[in-house]
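This one's a predicted model, so the numbers in the text were calculated from it and none came from an experiment.
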Amino acid sequence: MFGFKVVRQNHVGLIETLGKYRREVDAGLSFYVPMFQKVRIVDLAMIPLSLKGYSVITKDNAEVQTNVTLNYHVTDARKFEYENSNSVESMVQLVRGHLRDIIGKIDLNEALGSTSKINADLANAIGDLTNTYGIKVDRVNIDELKPSASITESMEKQIRADREKTAAIAKANGEARSIEIETKARNDATVSTAKAQAEATIARADAKAYEIKKLNDMLASADSKYFTDQQIQAFADLANSAANTVVMSKEDIGKYSEIPVTAQVMNQISNK
């Protein structure tokens, strides 16, 4: 009496006789002896696998949690089923071991900023090693590298400190620039004021010098009659004032008395 087994597309069947591998059958209808034989179905399609929360240590002793996803497929159903008790777990341990070695050679900052490079290094390191388990890793990708809570807190504090430092420097630079502009404005105003005052002083000095020059020129061109007229005018002003006492020598009185107008003025003074 025979039994039959339908092997689906992209699968293979492994027929065991009394627990011993006998042959491999492809997709389709396969016959076997139910009491003596068994058919194991192995999926050959690509299978995704997620490895979450795997802890690794960087070169600078920082703990990092990693989430890795990979895609694999079975290349040799016989190896996959019979040469390893758990080929998938063996493959996972291999991936984790190489990931630990790669990240352990770099610092935390480098690890966080170069996941694409880590992915490439990990793929090259795995290579065809998993063929030993009848498996091939088609794609491996690090979805997340997350530092531990204490390291994350320290990094956040450092970032805040850097931001506060940058803000303080910017504020100090702004205040220094403001003081510089204000000082320059005051200096420019002081210079402008001093320059204007100097120009005004020069202008006044020039005007005074011109006035003195004109007076000197006028005095140089005046004859004795001009000075006599000035003296007579002074006597006339004195005669009209309350303080009309004049003290002079006899020679001067004699000299001024020779001038008729002067004598007349002096007579007015003496009659008051």
Side-chain angles (χ1 to χ4, degrees), residues 1-58 63-106 110-147:
M1 181 177 180
F2 293 95
F4 65 91
K5 186 75 171 180
V6 176
V7 179
R8 292 185 299 154
Q9 181 69 33
N10 214 21
H11 291 68
V12 294
L14 302 178
I15 297 179
E16 300 174 353
T17 301
L18 298 178
K20 182 178 180 181
Y21 169 73
R22 201 58 153 164
R23 69 181 189 278
E24 180 179 307
V25 295
D26 296 328
L29 182 62
S30 299
F31 294 94
Y32 67 99
V33 180
M35 296 296 297
F36 299 95
Q37 293 181 325
K38 179 181 178 181
V39 180
R40 290 179 179 268
I41 304 298
V42 179
D43 190 353
L44 301 181
M46 186 177 294
I47 301 172
L49 180 64
S50 179
L51 310 178
K52 295 183 179 296
Y54 179 54
S55 179
V56 294
I57 304 298
T58 62
E63 182 180 358
V64 180
Q65 296 291 325
T66 64
N67 292 331
V68 181
T69 58
L70 56 86
N71 295 328
Y72 71 94
H73 71 277
V74 176
T75 56
D76 190 321
R78 182 176 178 181
K79 287 183 179 180
F80 180 78
E81 284 291 335
Y82 302 116
E83 295 186 8
N84 196 300
S85 60
N86 193 331
S87 295
V88 174
E89 181 61 27
S90 297
M91 175 194 64
V92 169
Q93 291 177 0
L94 180 66
V95 171
R96 287 178 172 175
H98 282 291
L99 180 61
R100 182 177 59 248
D101 291 341
I102 293 170
I103 294 182
K105 295 177 182 178
I106 57 179
E110 184 180 355
L112 296 177
S114 57
T115 54
S116 59
K117 183 178 183 303
I118 296 175
N119 288 334
D121 292 344
L122 183 58
N124 291 333
I126 294 172
D128 295 329
L129 295 178
T130 53
N131 281 340
T132 305
Y133 317 123
I135 297 174
K136 178 175 178 56
V137 176
D138 301 293
R139 178 178 174 273
V140 60
N141 184 70
I142 298 176
D143 297 325
E144 184 181 25
L145 283 176
K146 185 178 180 181

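In this structure, the side chains of Val7 and Asp26 stay at 4.5 Å or more apart for every pair of heavy atoms. With contacts defined as side-chain heavy-atom distances shorter than 4.5 Å, the pair Val25/Arg23 qualifies. Counting heavy atoms from C-beta outward, Ile41 and Lys5 have side chains that approach closer than 4.5 Å. Counting only heavy atoms from C-beta outward, the side chains of Asp43 and Val74 never approach each other to under 4.5 Å.
Here the OG1-CG distance, from Thr66 to Leu51, works out to 8.0 Å after rounding to the nearest 0.5 Å. Within the model, atoms OG1 of Thr132 and CZ of Phe80 stand 14.0 Å from one another, a figure rounded to the nearest 0.5 Å. Remark: Glu24 CD to Arg78 CZ distance equals 9.5 Å, nearest 0.5 Å. The distance from the CG atom of Asn84 to the CD atom of Glu89 is 10.0 Å, given to the nearest 0.5 Å. One distance of note links CG of Leu112 with CD of Glu144; it measures 10.5 Å at 0.5 Å rounding. The distance from atom CG of Leu94 to atom CG of Leu99, rounded to the nearest 0.5 Å, is 11.0 Å.
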Apply side chain to side chain contact (heavy atoms under 4.5 Å, CB included) to Arg22 and Phe36, showing your working. CA-CA 11 Å; Arg22 201 58 153 164; Phe36 299 95; over 6 Å; no
Does the side chain to side chain contact (heavy atoms under 4.5 Å, CB included) test come out yes or no for Met91 and Leu70, once each step is laid out? CA-CA 11 Å; Met91 175 194 64; Leu70 56 86; 3.9 Å; yes
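Among residues two or more places apart in sequence or in another chain, the ring pair (Phe, Tyr, Trp, His ring centres under 6.0 Å) test is passed with Tyr54 by none. For Asp121, the salt bridge (charged side-chain N to carboxylate O under 4.0 Å, His left out) criterion is met by Lys117, not counting sequence neighbours.
Under a cut-off of 6.0 angstrom, the local environment of OH in Tyr21 is crowded, with over 12 non-hydrogen atoms contributed by other residues, nucleotides or ligands. For Lys79, the NZ atom counts as densely surrounded, since its 6.0 Å shell holds more than 12 non-hydrogen atoms of other residues, nucleotides or ligands. The neighbour count for Arg96 CZ, taken as heavy atoms of other residues, nucleotides or ligands under 6.0 Å away, is above 12.
The two atoms that bring Arg40 and Glu81 nearest to each other are NH1-OE1, 3.7 Å, heavy atoms only. Taking both residues in full, the closest heavy atoms of Ile142 and Asn119 are given as N-OD1, 2.8 Å, listed atom of the first, atom of the second, then distance. Annotation for Ser55 and Glu63: closest pair OG-OE2, 3.0 Å, computed over non-hydrogen atoms. Among all heavy-atom pairs drawn from Ser50 and Thr69, the shortest one is OG-CG2, 4.0 Å. Contact record, Ala111 with Ile118: O-CD1, 3.8 Å, taken as the closest heavy-atom pair. Smallest separation of non-hydrogen atoms from Leu14 and Ala77: CD1-O, 3.6 Å.
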